[in-house]
There are 2 protein chains.
Amino acid sequence: MESKVMSIGVVCELTGLTERQIRYYEERKLVFPERTKGGNRRYSFEDVESIQEIHRKMQEGFNTFELKELKKKQRCTPIFR
Amino acid sequence: MESKVMSIGVVCELTGLTERQIRYYEERKLVFPERTKGGNRRYSFEDVESIQEIHRKMQEGFNTFELKELKKKQRCTPIFR
DNA sequence: CGTGTAAGGAATTCTGACACG
DNA sequence: CGTGTAAGGAATTCTGACACG
């Protein structure tokens with residue numbers, strides 16, 4: 001599901017992370033929720049997956065910059081899979 | 001997806017219905033969203049499908065009581081399909 | 001760097017009621 | 001019966017900043 005339907009509170013419940021962490025990943029250009037007219041964030045299930053992956057990688061020692069680099073590479077290599 | 005993750009505002013966007021209509025279906029025991037600790041409704045994609053089906057049936061002339069009866073029958077007949 | 005927190009405001013949602021019919 | 005609406009309050013989310021390190 002790629003439709004952006006969840007508020008940040010639901011994402012917190014699903015991931016076990018804090019709002020602060022989730023907003024920070026966005027600040028570092030790792031997640032891209034949509035916004036309501038009022039400015040509230042809306043996430044998809046794919047975003048939730050992505051957020052969990054980010055958190056896992058960070059626990060493994062990666063910082064947000066490195067994760068951004070990782071994403072770039074992933075965007076360029078699917079041809080070779 | 002049966003996880004209850006959407007606020008009523010998102011359901012309005014997805015269905016084109018008003019909050020009033022969606023809450024009324026719940027009042028008539030046709031939809032069963034979960035609640036946050038604070039009391040806010042949370043709907044699943046299945047709920048959205050259900051709500052759209054309810055609205056279609058009502059446009060065909062059914063009232064909420066008849067739809068409740070229909071649901072009962074549907075719960076008893078899947079054996080025969 | 002990544003995250004916690006208090007601050008103040010704004011968007012979102014809630015309930016119960018009155019209205020029409 | 002099904003839906004609109006104004007009312008008042010409460011839950012949720014937002015941003016920018018200070019803090020620690």
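Here is how names work: the chains are called A, B, and so on, in the same order as the sequence lines, proteins then strands, and each is numbered from 1. Not measured: the values here are computed from a predicted model. Excluded from the calculations below are hydrogen atoms, water molecules and symmetry mates; all remaining heavy atoms, backbone and side chain alike, are included.
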Could you state the [atom1]-[atom2] distance from [X] to [N], rounded to the nearest angstrom?
X	N	atom1	atom2	result
B/I8	D/dT3	CD1	P	13 Å
B/R41	D/dT12	CZ	P	13 Å
B/N40	D/dT13	CG	C1'	11 Å
A/K68	C/dG2	NZ	C1'	13 Å
B/K29	D/dG2	NZ	C1'	17 Å
B/R28	D/dT3	CZ	P	11 Å
A/E27	D/dC14	CD	P	13 Å
B/H55	D/dT3	NE2	C1'	12 Å

| Within 6.0 Å of CD in A/E2, more than 12 heavy atoms from elsewhere | no
| query | Is the shortest side-chain N to carboxylate O distance from A/K57 to A/E66 below 4.0 Å? | reply |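 Salt bridge absent between A/K57 and A/E66.
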| message | Testing A/L30, A/N63, A/L67 one by one against A/M58 for a side-chain contact (heavy atoms from CB on, under 4.5 Å), which residue passes? | response | A/L67
| remark: Using Watson-Crick geometry (N1-N3 plus N6-O4 or O6-N4) or G-U wobble (N1-O2, O6-N3), each under 3.5 Å, C/dG16 is paired with none
| Pairing partner (Watson-Crick or G-U wobble, both distances under 3.5 angstrom) of D/dA6 |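 No nucleotide pairs with D/dA6.
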| field | 5' priority, DNA chain D, between B/T36 and B/F62 [closest heavy atom] | value |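 Mapping each residue to its closest nucleotide by heavy atoms, the 5'-most match is B/F62.
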| said: Test your reading of the model: is there a side-chain donor-acceptor pair from B/K29 to the backbone of B/K68, 3.5 Å cut-off? | reply: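 Side chain of B/K29 to backbone of B/K68, a donor-acceptor pair under 3.5 Å: no, none is there.
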| task | May I ask you to decide if B/L17's main-chain N or O and B/T15's side chain share a donor-acceptor pair within less than 3.5 Å? | result |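 Yes, because the side chain of B/T15 sits within donor-acceptor range (under 3.5 Å) of the backbone of B/L17.
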| A/S7 side chain near D/dT13 phosphate (N/O to OP1/OP2, under 4.0 Å) |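 Checking A/S7 against D/dT13: at least one side-chain N or O falls below 4.0 Å of OP1 or OP2.
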| query | Does a nitrogen or oxygen in the side chain of A/R35 sit under 4.0 Å from OP1 or OP2 of D/dT15? | reply |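 Looking at the OP1 and OP2 atoms of D/dT15, one of them is under 4.0 Å from a side-chain N or O of A/R35.
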| request: List in numerical order all residues of residues 13-24 of chain A for which some heavy atom is under 4.0 Å away from an atom belonging to DNA chain C. | output: A/T18, A/R20, A/Q21, A/Y24
| said: I'd like to know if the side chain of B/D47 pairs up with that of B/S50 as donor and acceptor (distance under 3.5 Å, no hydrogens or angles considered). | reply: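 No, B/S50 and B/D47 have no side-chain donor paired with an acceptor closer than 3.5 Å.
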| task | For A/R23 and A/E26, run salt bridge (charged side-chain N to carboxylate O under 4.0 Å, His left out): C-alpha distance rounded to whole Å, both residues' side-chain angles, the deciding distance at 0.1 Å, then the answer. | result | CA-CA 5 Å; A/R23 292 201 192 100; A/E26 179 181 1; over 6 Å; no
